[in-house]
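We count ligands from 1, going down the list as the structure has it; atoms in each ligand are counted the same way. Only a predicted model underlies this, so the values are computations on that prediction, with no experimental measurement involved.
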Amino acid sequence: MQLETIAVHAGAEPDSATGAVAPPITLSTTYQHGPACEQTFGYLYIREANPTQARLETALAQIEGGEYALAFSSGMGAGASLLQALDPGSHVIFPDDVYVDFRTLAKDFFPQWQLEHSIVDTSQPAQVQAALRPNTRLVWLESPSNPLMKITDIGVVVQLARNAGARCLVDNTFATPVLQRPLEFGADIVLHSTTKYFGGHSDVQGGALIFAHKDQLAERVEHTRKLLGAVGSPFNSWLVLRGLRSLACRMRTHAANALAVAAALEHHPQLAAVHYPGLASHPGHAVAQKQMSAFGGMLSVRVKGGREGALRVASRVQLFLNATSLGGVESLLEHRASSEGPNSTAPQDLLRLSVGLEHPDDLIADLRQALA
Ligand code: PLP
């Protein structure tokens, strides 16, 4: 079945009690069971599993092409639950442009969880190879990366990880399964902040892990989620599921709009660089072409005049909103170094753009007037 069809129909069976076509939001925290706690209806307690979340997980597994999916309260909840399920003494390799809060989590929590980590430029597979240790259990990729839009060759790094007995995770938040399918390149786990494109309307927080196989690690992560309580709410599961229904067509428009914006700005005299993997000038363009069907709705630009130049543009946009996060219908822009705070490695002259679903001509006009 094609992705568009899966997006519409996965986990969408009409309600068996009423025939309702739109799925119900089952808010109950507890479920009637037999005298010895027999699962009469398949559920016991909301934190373990609930019908709305189960529908979402069915859909997530199908759309990403995995065997098993777990929904979480946030993207951070998903990532942290996975990392906490690793054995003490495990080593994790992160990309140098990993989403900032994962870098902070490794710095602040890995020592007490007895985990080790290295940070390398994963767009250079030789650096991954050099960082692998006998106790490396996970190689974490983010492609395109946030906010420099670096591209890592997923298939190549998967092979390096596999040869070393490590799993490979891809944070597929920027691309979504519509544009990039990491499990088909051999990745073991896909992570999403469903707060972004899956939700799609800047009104829900959620996270997800999709596992190629329901193996022992997947079961440990479910156990971790249950005991540490990183589950989402039924309402949030419902909103993410609703967003998923239109994900395929939204992603194509986000990507077409971002490409139009990137191409229009590429040679702008006030910009020192435009980072967008859809541009032939991007160092990762060839790899991106190999592993993505389009290049996503995110880009970043480097403004001449450093921090002051970037802040000037941020203060002059009218249609783009100054706000963090991404993946909603409205276009957002932010001075990423200010937003990331003290652990930021984002260049001071960088603005990150989440290109929405407005007409690209209006977005380009807004950026041109702000850059003038
Ligand atoms: N991964 C990426 C690429 C992100 O951009 C974010 C958040 O911005 C996260 C993970 C974390 O997701 P959440 O904010 O839902 O916890």
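- Close contacts between ligand 1 and Phe102 involve ligand atoms 10 (C) [criterion: under 4.0 Å to a heavy atom].
- Of all atoms in ligand 1, numbered sequentially from 1 with element shown, those under 4.0 Å from a heavy atom of Asn146 are 5 (O).
- Below 4.0 Å from some heavy atom of Gly206 lie the following atoms of ligand 1, by number and element: 15 (O).
- At the top of the distance list for atom 3 (C) of ligand 1, counting protein heavy atoms only, stands Asp171 OD2, 3.4 Å.
- Separating the CD atom in Gln114 from the CG atom in Asp87 is a distance of 11.0 Å, to the nearest 0.5 Å.
- Look at Lys304 and Asp349 and you find no salt bridge, because none of the NZ, NE, NH1 or NH2 atoms lies under 4.0 Å from a carboxylate O.
- By the 3.5 Å distance cut-off applied to N or O atoms, Gly75 is counted among the residues near ligand 1.
- Scanning the protein heavy atoms around atom 11 (C) of ligand 1, the nearest turns out to be Tyr99 CE2, 3.5 Å.
- Considering His192, Lys196, Arg352, Gln205 only, the shortest heavy-atom separation from atom 14 (O) of ligand 1 involves Lys196.
- Taking CG from Leu191 and CG from Leu82, the interatomic distance works out to 8.0 Å, rounded to the nearest 0.5 Å.
- The aromatic ring centroids of His213 and Tyr68 lie 6.0 Å or more from each other.
- Remark: ligand 1 and Met76 share an N or O pair separated by less than 3.5 Å (distance only, no angle test).
- Close placement of the His254 and Tyr197 rings is indicated, their centers lying within 6.0 Å of each other.
- Side chains of Tyr43 and Glu48: a donor-acceptor N/O pair is absent below 3.5 angstrom, by distance only.
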